[in-house]
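Heads up: the structure comes next, in C-alpha cells.
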Amino acid sequence: MDVVIYPGSFDPVTNGHRDIIDRASKVFPKVIVSVLDNPRKAPMFTREERVEMLKLVVKDYPNVEVDSFQGLLVDYAKKKNSKVILKGLRPMGDFEFEFQMAITNRQLDPELETLFMATTNRYSYISSSVVKEVALFGGDISELVPPEIYEFVKKKIVNV
Ligand code: ADP
C-alpha cells in the first residue's frame, strides 16, 4: 500500500481537511490530495485556485502531493497506481453518501478499497459550505481555514 488518494471538492480546503491530510501523512508513505473537477458542480473556487490553496497548505509535507482529476475515481486511482481511497468522516450526514460511494467504487473496481478516518472532534462541524457562508456574511473564518489560505479566501469572497 504505497499511495493513498484523498479526493474531494476542497472548495475551499478547511481545517477539517488539513487535519485528515496531516494524520494521513503519518500513516501512509504517500498521500495524493486530489481536487475533483466535476463539470456538473459550480464551485466558488476554480480548479486551479483549489489546487493552489491546497499546495500552500501542504508545502511542508514531503510525502503529500496535490493533483486534480475528472471522471471516475476508479480510473484515476488506477492511473496513479493506488489501491486505496481515503475519506474523512464527520458525525453529521457523511456516512450514508460515503457508504454508497464506497460500495459503488468497489463494484466498479473490486481491487480498490475505501478507508475512513474519523474527524477530530474540534473540526467535526467544519465544512467548505460553512466557510463560504460565514465568509460571505463577513464572519470570522480564522478558526475554520488554515492560516496559509485565510487571505486567499477573504479576497475571493469580497470579489464575488
Ligand atoms: P465538503 O464540501 O463537505 O467539505 P469535500 O468534498 O471537500 O467536502 O470533502 C472531501 C473529504 O473530506 C470527504 O471525505 C469529506 O467527508 C471529508 N471532510 C470534509 N470536512 C471534514 C472535516 N471537518 N473533518 C473530517 N473530514 C472532512
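Here, residue 1 is the first one in the sequence, and each next residue gets the next number. Counting starts at 1 for both ligands and their atoms, following the listed order. Only a predicted model underlies this, so the values are computations on that prediction, with no experimental measurement involved.
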Quiz prompt | Heavy-atom nearest option to atom 25 (C) of ligand 1, drawn from Thr119, Leu144, Thr114, Asn38 | solution = Thr119

Practice problem: Could you tell me whether Asp19 and Arg122 have a side-chain N and a carboxylate O separated by less than 4.0 Å? | Solution: no

Practice problem: Look at atom 18 (N) of ligand 1 and find which of Met101, His17, Arg122 reaches it with the closest heavy atom. | Solution: His17

Quiz item: Any salt bridge between Asp94 and Lys87, counting N to O under 4.0 Å?
Solution: no

Quiz item: Distance-only, no hydrogens or angles: does the Asn63 side chain make a donor-acceptor pair with backbone N or O of Phe28 under 3.5 Å?
Solution: yes

Self-check item: Under 3.5 Å: N/O of Arg90 near N/O of ligand 1
Solution: yes

Quiz item: If you count the atoms of ligand 1 from 1 in the order shown, which ones are under 4.0 Å from a heavy atom of Phe10?
Solution: 7 (O)

Quiz item: Any nitrogen or oxygen of Ile20, main chain or side chain, under 3.5 Å from a nitrogen or oxygen of ligand 1?
Solution: no

Self-check item: Interfacing atoms of ligand 1 (cut-off 4.0 Å, heavy-atom, Ser128)
Solution: 2 (O), 4 (O)

Quiz prompt | Contacting atoms of ligand 1, where contact means under 4.0 angstrom from a heavy atom of Lys87 | solution = 14 (O)

Self-check item: Check: Arg23/Thr120 side-chain N/O donor and acceptor closer than 3.5 Å
Solution: yes

Quiz prompt | Salt bridge present between Arg18 and Asp22 (N-O < 4.0 angstrom) | solution = no

Quiz item: Just wondering, do Ile32 and Tyr76 contact through their side chains at under 4.5 Å, heavy atoms?
Solution: yes

Quiz item: What atoms of ligand 1 come closer than 4.0 angstrom to any heavy atom of Asp94?
Solution: 16 (O)

Self-check item: Numbered atoms and elements of ligand 1 in range of Tyr6, under 4.0 angstrom, heavy atoms
Solution: 11 (C), 12 (O), 17 (C)

Quiz item: Do any nitrogen or oxygen atoms of Ser127 lie less than 3.5 angstrom from nitrogen or oxygen atoms of ligand 1?
Solution: no

Quiz prompt | Numbering as shown, the atoms of ligand 1 that approach Ser9 to under 4.0 Å (heavy-atom distance) | solution = 5 (P), 6 (O), 7 (O)

Quiz item: Counting N and O atoms only, with roles assigned by atom type, does the side chain of Thr14 sit under 3.5 Å from a partner on the main chain of Ser128, one being a donor and the other an acceptor?
Solution: no

Quiz item: So, Arg50 side chain and Asp11 main chain: donor-acceptor pair closer than 3.5 Å or not?
Solution: no

Quiz item: Counting from 1, what ligand 1 atoms have a heavy atom of Glu98 closer than 4.0 Å?
Solution: 13 (C), 14 (O), 16 (O)

Quiz item: In ligand 1, which numbered atoms sit nearer than 4.0 Å to a non-hydrogen atom of Pro7?
Solution: 10 (C), 11 (C)

Quiz item: For atom CD of Glu48, is the number of surrounding heavy atoms from other residues, nucleotides or ligands below 6.0 Å larger than 12?
Solution: yes

Quiz item: How close does the nearest protein non-hydrogen atom get to atom 15 (C) of ligand 1, and which residue and atom is it?
Solution: Gly88 O, 3.7 Å

